[in-house]
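Single-structure report; data block below.
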Amino acid sequence: MTVRVPAKVNLQLSVGPPRADGYHDLVTVFHAVSLFDEVTVRPADRTRVLVTGDDVAGVPAGRANLAVRAARALATVGLRRRGRPAVQIEIRKRIPVAAGLAGGSADAAATLVACNELWKAGLTPAELREVAAKVGSDVPFALLGGTAIGQGRGEQLTAALAAGTYHWVLAFAPGGLSTPEVYAACDRLRAASPARAARVGGPAEPDAADGAVQPLPGLSTELMAALRSGDPAAVGPLLSNDLQPAAVSLRPDLRRALNAGQEHGALGAMVSGSGPTCAFLAANAAHARELAVALTGAGVCRSVVRVKGPAPGATVVMAESR
Ligand code: C5P
């Protein structure tokens, strides 16, 4: 069973203060883009993962791999009375690893859809989303795709009304960034500058414990209106990412990539999620081609790809008969 699954960027990522469980409440606008991994699951004697692709050294093997965790979680929930079948999970990776594009979450989502079909487990989309949320905060969105508002840890989704097609250039950086480290850097920057934190996170309210001003995340109504209009020129200036200062503090070279995109006429330029990939919004397909050439020429990134959004969520593309 083979499933295709998209990468995502966040058009808005508003991050609240850390919660007691270590996560951050957030309000985000997820947007799936046409950069896909493909995951094939086959019956096997024991569960294992094989990863192929250009740059897959950083992909964890065994239980540490989110796809393996997804298969186990589905077996536990969906096949309670039918044992724990093992699968070989083959991931053909095109979404770069630790890049802020939710590639690992995408592979987990694809594995859930593929195993649900292979095992005829019969989980509904809502039930699959529940299992997905346990595997990782971004996994439910990879099932859904399109453009959607995420709340809570990012796992509570509402489809967003968005018109049109958006043309993006993604600039990949050498190496990756660890998501927990970027969130921790965000907390440190805010602790060092509480006034700035309150501005960045939206409306502020006094924190009962220590009286400090804490940011609360809020959805940008301007961005939602721009998305309904389908006009990339309206959307571009409204892109925002609270994790960007943290990602740039850990990787100051990203500033050069963001500046180069802006100099070459990107309608919007931002770090994607926790980075280090930078995402640039173009006016149309021709503009995206120009921008991709300019960014490559500027030597500010490892490589670039052009993608379109919104893209569909995890979808079965092939079922081999046994
Ligand atoms: O949910 P997931 O395991 O993908 O999250 C990876 C890490 O990212 C978490 O362990 C946490 O450090 C950070 N995170 C967070 N707040 C969120 C989502 C993720 O702090 N809403």
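Whatever order the structure lists them in is the order used to number ligands and atoms, beginning at 1. Remember, predicted model here, so these are calculated numbers, not experimental data.
Without hydrogens or angle criteria, Glu222 side chain to Leu238 main chain gives no donor-acceptor distance under 3.5 Å. No donor-acceptor pair under 3.5 Å is formed between the side chain of Gln151 and the backbone N or O of Gln156. The closest donor-acceptor contact from the side chain of Glu155 to the backbone of Arg129 lies at 3.5 Å or more, if one exists at all. Here the side chain of Asn241 pairs a donor or acceptor atom with the backbone of Val271 at under 3.5 angstrom. Using modelled atom types, one side-chain atom of Thr277 and one backbone atom of Ala99 make a donor-acceptor pair closer than 3.5 Å. Under the 3.5 Å distance criterion, the side-chain polar atoms of Asn10 are left unmatched by any main-chain donor or acceptor of Thr28.
Looking from atom 14 (N) of ligand 1 to the surrounding protein, the closest heavy atom is Tyr183 CE1, 3.4 Å.
Which parts of ligand 1 touch Gly136 is read off a 4.0 Å heavy-atom cut-off, strictly below it: atoms 1 (O). The contact set between ligand 1 and Thr179, taken as ligand atoms under 4.0 Å from a residue heavy atom, comprises 8 (O). Atoms of ligand 1 lying under 4.0 Å from any heavy atom of Tyr23, numbered from 1 in the order shown and given with element: 1 (O), 3 (O), 5 (O), 9 (C), 14 (N), 15 (C), 16 (N), 17 (C), 18 (C), 19 (C), 20 (O). Ligand-side atoms of ligand 1 in range of Leu26: 17 (C), 21 (N), range being under 4.0 angstrom from any heavy atom. Against a heavy-atom cut-off of under 4.0 Å, Gly22 is close to the following atoms of ligand 1: 20 (O). If you number the atoms of ligand 1 from 1 as listed, the ones under 4.0 Å from a heavy atom of Pro180 come out as 7 (C), 12 (O). Residue His24 approaches ligand 1 through these ligand atoms, each under 4.0 Å from one of its heavy atoms: 15 (C), 16 (N), 17 (C), 20 (O), 21 (N).
Residue contacts with ligand 1 do not include Gly154, since none of its heavy atoms lies under 4.0 Å from the ligand.
Below 30°, between 30° and 60°, or above 60°: for Phe30 and Phe141 the angle between ring planes is below 30°, a parallel geometry.
In this structure, Val300 and Leu295 have side chains that are in contact, with non-hydrogen atoms separated by less than 4.5 Å.
Residue Ser137 has at least one N or O atom closer than 3.5 Å to an N or O atom of ligand 1. The shortest N or O to N or O distance between Arg153 and ligand 1 is under 3.5 Å.
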